Amino acid sequence: MIDIDIDLSADLGEGSPGEEEIWPLITSANVACGGHIGDESSMREAARLAQKHNVRFGAHPSYPDRENFGRKTLDIAPDALRDSLIAQISALNAFARVEHVKPHGALYNEAHRNRVLARIIVDAMQRSGAHLAMVAPDDSQMAIAARAVGMNVIREAFADRRYESDGTLTPRSIAGSMLTVDEAVAQAKLLIAQSAVIARDGTRIGIAFDTICIHADMDGAVERLRSIRAIE
């Protein structure tokens with residue numbers, strides 16, 4: 001069985017089929033809080049399930065763009081984006097203490113490389129609570145900006161998504177970007193054993209991590225998690 005010290009996480013509160021089955025299989029959750037999806041009812045239920053299963057509770061804020069599920073770039077003023085992120089984190093914090101923040105979708109992908117955007121996210125987090133930790137790839141601008149102000153960084157890796165050679169995720173629009181159950185297990189094994197993955201072009205790249213994430217909105221998420229937890 002997988003080492004209990006390995007933190008398995010998932011993005012939840014998004015209304016995906018089988019979400020309730022995922023909670024007992026993870027140790028950390030990133031919960032949608034109204035930007036791309038999520039409302040009072042879903043956030044309350046996520047807080048209940050996190051407490052029931054002793055899961056670390058985090059926010060999954062995004063561009064305020066429910067129409068596109070937060071997966072498209074939104075042309076928004078920096079102050080407006082910061083205020084939206086603060087409001088999203090605050091909304092979730094009303095139901096349980098938020099311990100970490102992981103940006104969602106286009107915001108996460110763009111802030112990986114965009115220093116200005118990363119600093120806006122960090123600013124919103126600082127204004128939301130000094131205790132908050134940033135969940136982000138180890139070499140991303142988000143992690144760099146967080147460390148610059150003394151914020152704890154939870155380094156994230158993915159078992160179910162293909163990587164590019166620069167350490168970013170292969171866009172979902174590209175065939176093969178979302179790994180099968182067997183591929184996800186193989187990638188998780190390589191991460192756990194060697195902190196590495198094989199990128200889409202065959203390059204072997206190092207991925208330093210503290211948590212391994214599975215996307216709850218992908219078909220077969222429950223099976224992936226169960227199979228990963230069964231790794232010996």
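For this chain, numbers begin at 1 and follow the sequence in order. Everything quoted here is computed from the prediction, not taken from an experiment.
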| Between Lys72 and Glu67, does at least one N-O distance fall below 4.0 Å, as a salt bridge requires? | no
| query | What are the two closest heavy atoms between Ile22 and Ala221, and how far apart are they? | reply | CD1-CB, 4.1 Å
| Which pairs with one or both residues in residues 105-115 pass salt bridge (charged side-chain N to carboxylate O under 4.0 Å, His left out), sequence neighbours excluded? | Arg113-Asp166
| Using 4.0 Å as the upper bound for N to carboxylate O, is an ion pair formed by Asp123 and Arg127? | yes
| Residues that Asn109 engages under side-chain contact (heavy atoms from CB on, under 4.5 Å), provided they are two or more places apart | none
Cut-off 3.5 Å, no hydrogens considered: what does the side-chain donor-acceptor table look like for residues 42-54, sequence neighbours left out?
{"unit_1": "Ser42", "atom_1": "OG", "unit_2": "Asp39", "atom_2": "N", "d": "2.8"}
{"unit_1": "Ser42", "atom_1": "OG", "unit_2": "Asp39", "atom_2": "O", "d": "3.0"}
{"unit_1": "Ser42", "atom_1": "OG", "unit_2": "Asp39", "atom_2": "OD1", "d": "3.3"}
{"unit_1": "Arg44", "atom_1": "NH2", "unit_2": "Glu40", "atom_2": "OE2", "d": "2.9"}
{"unit_1": "Glu45", "atom_1": "OE1", "unit_2": "Arg48", "atom_2": "NE", "d": "3.0"}
{"unit_1": "Glu45", "atom_1": "OE2", "unit_2": "Arg48", "atom_2": "NH2", "d": "2.7"}

| query | Closest approach of Arg147 and Asp138, non-hydrogen atoms and distance? | reply | NH2-OD1, 2.7 Å
| query | Thr180 and Asp182: side-chain donor and acceptor closer than 3.5 Å? | reply | no
| said: Tell me whether Arg71 is salt-bridged to Asp217, with the criterion being a basic N under 4.0 Å from an acidic carboxylate O. | reply: yes
| request: Please check if any side-chain donor atom of Thr211 sits under 3.5 Å from a side-chain acceptor atom of Asp7, or the reverse. | output: yes
| message | Would the distance check show the side chain of Arg155 and the main-chain N or O of Ala208 forming a donor-acceptor pair, the cut-off being under 3.5 Å? | response | no
| task | Check the surroundings of atom CZ in Arg119: do more than 12 heavy atoms from other residues, nucleotides or ligands lie under 6.0 Å from it? | result | no
| field | Close side-chain approach of Leu81 to Leu107, heavy-atom, < 4.5 Å | value | yes
| field | Chi angles and distances behind the side-chain contact (heavy atoms from CB on, under 4.5 Å) call for Asp65, Ile76 | value | CA-CA 11 Å; Asp65 183 19; Ile76 181 172; over 6 Å; no
| said: Using only atom types and a distance under 3.5 Å, with no angle test, would you say the side chain of Arg66 pairs donor to acceptor with the backbone of Gly34? | reply: yes
| Cluster partners of Val135, using ILVMFWY side-chain heavy atoms under 4.5 angstrom, listed by chain and number? | Ile154
| query | When hydrophobic residues are tied together by side-chain contacts of less than 4.5 Å, even through go-betweens, does Ile144 share a cluster with Leu117? | reply | no
| said: Please list all pairs meeting ring pair (Phe, Tyr, Trp, His ring centres under 6.0 Å) that have one or both residues in residues 5-42, counting only residues at least two apart or in different chains. | reply: His36-His60, His36-Phe69, His36-His104
| query | For Glu21 and Arg226, what are the C-alpha separation, side-chain angles and deciding distance, and is it a side-chain contact (heavy atoms from CB on, under 4.5 Å)? | reply | CA-CA 10 Å; Glu21 296 178 74; Arg226 287 178 176 155; 3.3 Å; yes
| task | Give a yes/no verdict on a cation-pi contact between Lys102 and Tyr108, requiring under 6.0 Å between NZ or CZ and the six-membered ring centre and an angle within 45° of the axis. | result | yes
| message | Under the rule for side-chain contact (heavy atoms from CB on, under 4.5 Å), what residues qualify as partners of Ser140, not counting sequence neighbours? | response | His112, Ala136, Pro137, Met142, Ala143
